[in-house]
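A short write-up of the structure that comes next.
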Amino acid sequence: MVLLKKPQDPLSAYNYNTLQLEKKTPVAGSFGISGGDSYNIGENGKLNFFATGAFGNEYMSTKDGKSYGDINGEGVINKKYDQYDSDVYATNTTAMGNIGYKINSNNKINFNSLFINTTNQETEEYRGYAADFAENGNGFVRRNTYTETKLYINQLLGEHKFGDRYKLNWAASRNLVKDKMPDRTSNKMNQVEGGYLINSQSAPNNNRYFQDLTENETAALVSLDYKFAKTEEEDYNGKLTLGYNGRLKERDFEATQYNFKTTTDPVSHAGDIVNPDNLDLFYNQQNFTNDFFRISTFRGGPELTNALDPQTYNGKLTIHAAFASVEYKFGPKFTGVVGMRAEQITQDMDWNTQLGDVGSSTLEKTAFLPNLTLKYALNDKQNLRLGFSKTYTLPQFKETVPFVYEEITQAFIGNEDLYESDNYNLDIKWEMFPKAEEVISFTAFGKYIQNPMNEVTIASSTNDISYVNTGDKGYAIGGEVEYRKLLFATEEENSKKLTAGVNASYLHTNQDLDKQKVKDENKFEADFTHTKSRFTGASDWLVNADISFFNEWNNKESNLTTTLSYNFFSDRIYSIGTSERGDLVDKAVGTLDFIVKSQLTKKIGLGLSAKNLLDPKIERVQENAGGDVLSQTYKKGMGISLSVNYQF
């Protein structure tokens, strides 16, 4: 699809792209190329080059799903789409280059450049009941969305040694993100005898939406290492590091929506019975000239001088940080690192949106962030580690702007009063390495959070989801075990080996829910159903397991690797319940993948990937007091791909 700009004269003429639906199933595939070389310069210098590029695409289809929304505490569903289908075609283009210049043994400079371009084209269709426009269950909603995201990363890094005690490291980067959603189309219709009737009870029911985001980020880092406490072996037990880190990020966002409201006879509906796969027969210049429909924005129609002014927000994040750390080897078995980082953070936002009109907000914070890491070697195969740190979590730009982003069954709105959370982290880990490629480890960890942030349904007539500091505190405690075992191996020239591994973690979370705090700190309220809750997005159980077989032949020139992997997460909260509604919870899901990679010759390789073999149901429920109420269910489907690579 070609990226589209906003049409010329969008309110007084129909200058829009086609709405005719073309359904096709693209063929997925990928290819890549990479290469590099190095050159000696003088007696001590070396210049290295490396570049790689790749392109891949995939097609995903969700069929026979269900999507329900706006469910109250008694289980009454106001949006009940019993048929939900989605088709997605995605592409990914990547290019990366690296130039490294080793001036001599004491001085090195590297330049890295990365470009990633992703596109995502999705068609969503919903059929069923909606209290606001399809009480007879004959509603039909279609949304076509195309997004393109371009990421540019450029880094320059240097390392310089002065004698055997001092080392200077520096880095600078300039990154750019451009994200476009050109001409997202949404249409609501009612299925009637003879076709489909365009529903224009509300002007935004049928609309075209344009969104543009640009983000620039500049970062700099400089640090100086000083080694001390020289030993008899001409080594050093201690290292002091001092440095500065700066970051400046700026985002510009604008969005415009054009609403199409029919004006035909409300009884006969002459002229607006349509074929949903060819809406161009209704939405065209002739029917616009005949006044069958009118075009407006969220501000109003062409009679308003500011009707075409887009919704905008601008964000600016500035962070200046000074840091210091000391690493010291107390003995052959005991090493410690202690550090402190001081940051000055300023996040400025200003906006002109449909809800907030013109406004601005500023978040300022001075953070002192200590950290401690200790390592004790019990023997040559076992280590005991302890780590402590203080961190913080900043709200994202979009979470702090009163801008509404609407899904079909749910709307999200930013909160200008949202502020950061402080985190205190502690973990203790024992690890053992019985032999090469084997590991056994146990970790206990904990996190204490002040003013945790969560997604909640706010108290409003539209039941929008927003982002709120929901209480004064919360905590998480848990444990993790990792076990990787070499089950079988041969010592032959053409080796064979069978390995297996499992990583499992348990996490218990708890946080306060304080509706008075929300009322005091925000311009809206959240009437929490409970006074305590787990963290949103956190599963009690996470399990990852795999088993792999590796086989070589033809004097190690050829090989085969097969891997079967399983991933599982238990129930996790999507949104905290309010107004007697239960929490929205994503139910547990387990996925199974099978991957084969083979190097047939030095130049030719093959790959086979079969993903989501179990094809489990993806479900979201609302856990009301009277029982779970289904909110969404669908299947992703299985995916199989074959790849060929050639090295030259």
Side-chain angles (χ1 to χ4, degrees), residues 10-11 14 16-21 23 65-71 76-86 122-145 183-210 256-301 354 404-411 461-464 632:
L11 300 184
Y14 191 83
Y16 297 85
N17 197 43
T18 179
L19 280 169
Q20 185 169 346
L21 184 67
K23 292 187 177 182
K66 301 178 187 296
S67 184
Y68 304 154
D70 193 7
I71 307 169
V76 176
I77 304 172
N78 290 308
K79 293 181 180 179
K80 188 175 183 180
Y81 298 113
D82 285 314
Q83 183 176 337
Y84 161 62
D85 299 324
S86 171
E122 180 177 17
T123 298
E124 300 173 273
E125 293 185 349
Y126 302 76
R127 296 177 184 271
Y129 167 85
D132 58 342
F133 83 97
E135 293 184 350
N136 296 326
N138 64 341
F140 175 53
V141 182
R142 176 183 288 150
R143 171 172 286 188
N144 293 304
T145 306
D183 202 10
R184 183 195 72 190
T185 65
S186 299
N187 295 99
K188 286 186 177 181
M189 292 165 270
N190 297 98
Q191 188 171 7
V192 296
E193 185 177 351
Y196 288 79
L197 173 66
I198 294 176
N199 187 290
S200 284
Q201 290 178 343
S202 176
N205 279 3
N206 298 273
N207 66 75
R208 307 183 78 137
Y209 175 87
F210 295 78
T256 300
Q257 180 169 298
Y258 303 106
N259 302 320
F260 298 81
K261 184 175 177 59
T262 60
T263 61
T264 50
D265 185 270
V267 177
S268 66
H269 299 288
D272 56 350
I273 301 294
V274 298
N275 174 4
D277 293 339
N278 192 359
L279 290 174
D280 294 344
L281 296 178
F282 179 78
Y283 290 113
N284 54 55
Q285 180 60 46
Q286 183 61 50
N287 283 352
F288 181 71
T289 302
N290 292 336
D291 198 31
F292 283 6
F293 63 91
R294 295 172 183 172
I295 308 174
S296 63
T297 69
F298 71 95
R299 299 184 188 276
Q354 178 181 1
V404 176
Y405 187 85
E406 292 189 66
E407 301 288 354
I408 300 300
T409 58
Q410 187 64 64
S461 59
T462 54
N463 295 313
D464 295 336
Q632 187 180 67

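Counting from 1, the numbers follow the sequence of the chain as shown.
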**Prompt:** Can you name the nearest heavy-atom pair linking Ala134 to Gly128, along with the distance?
**Reply:**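 Nearest pair, atom of Ala134 first, then Gly128: CB-O, 3.8 Å.
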
**Message:** Minimum heavy-atom separation for Ala411 and Asp464, please, with both atom names.
**Reply:**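 That would be CB-OD1, 3.4 Å.
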
**Request:** Validate the cation-pi geometry between Arg143 and Tyr81: distance from NZ or CZ to the six-membered ring centre under 6.0 Å, angle to the ring axis within 45°.
**Result:**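 No, Arg143 does not lie over the aromatic ring of Tyr81.
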
Atom [atom1] in [X], atom [atom2] in [Y]: separation rounded to 0.5 Å?
{"X": "Thr123", "Y": "Asn144", "atom1": "OG1", "atom2": "CG", "answer": "4.0 Å"}
{"X": "Asn284", "Y": "Phe293", "atom1": "CG", "atom2": "CZ", "answer": "6.5 Å"}
{"X": "Lys66", "Y": "Gln632", "atom1": "NZ", "atom2": "CD", "answer": "12.5 Å"}
{"X": "Met189", "Y": "Asn275", "atom1": "CE", "atom2": "CG", "answer": "9.0 Å"}
{"X": "Thr256", "Y": "Asp183", "atom1": "OG1", "atom2": "CG", "answer": "12.0 Å"}
{"X": "Ser67", "Y": "Asp85", "atom1": "OG", "atom2": "CG", "answer": "11.5 Å"}

Contacts of type side chain to side chain donor-acceptor pair (under 3.5 Å), residue [X], not counting sequence neighbours:
{"X": "Asn138", "result": "Asn190"}
{"X": "Ser86", "result": "Glu122"}
{"X": "Asn78", "result": "Asp70"}
{"X": "Thr18", "result": "Asp280"}

**Asked** Going by distance alone, is a donor N or O of one side chain under 3.5 Å from an acceptor N or O of the other, for Arg208 and Thr185?
**Response**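 No - no donor-acceptor pair under 3.5 Å links their side chains.
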
**Request:** Report yes or no: does Arg142 contribute a side-chain atom to a donor-acceptor pair with the main-chain N or O of Pro276 at less than 3.5 Å?
**Result:**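 Between the backbone of Pro276 and the side chain of Arg142 there is a qualifying donor-acceptor contact (under 3.5 Å).
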
Please enumerate all residues that pass side-chain contact (heavy atoms from CB on, under 4.5 Å) together with [X], with sequence neighbours excluded.
{"X": "Asn290", "answer": "Gln286, Asn287, Phe292"}
{"X": "Ser200", "answer": "Ile198, Asn206, Lys261, Thr262"}
{"X": "Pro10", "answer": "Pro7, Tyr16, Tyr258, Leu308"}
{"X": "Arg294", "answer": "Thr263, Asp291"}

**Prompt:** Which one of Ile295, Asn187, Val274 satisfies the side chain to side chain contact (heavy atoms under 4.5 Å, CB included) criterion with Tyr283?
**Reply:**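 Exactly one candidate clears the test, Asn187.
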
Check: [Y] and [X] side chains under 4.5 Å, non-hydrogen atoms:
{"X": "Phe298", "Y": "Gln257", "value": "no"}
{"X": "Tyr68", "Y": "Asp82", "value": "yes"}
{"X": "Lys188", "Y": "Asp132", "value": "yes"}

**Asked** Can you list every pair that meets salt bridge (charged side-chain N to carboxylate O under 4.0 Å, His left out) and has a residue in residues 193-204, with sequence neighbours left out?
**Response**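 Not a single pair qualifies under salt bridge (charged side-chain N to carboxylate O under 4.0 Å, His left out).
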
**Prompt:** Which of parallel (below 30°), tilted (30 to 60°) and perpendicular (above 60°) describes Phe260 and Tyr14?
**Reply:**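 Perpendicular, since the angle between the ring planes exceeds 60°.
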
What residues form a ring-ring contact (aromatic ring centres under 6.0 Å, His included) with [X], not counting sequence neighbours?
{"X": "Tyr84", "result": "Tyr126"}
{"X": "Phe140", "result": "Tyr196"}
{"X": "Tyr129", "result": "none"}

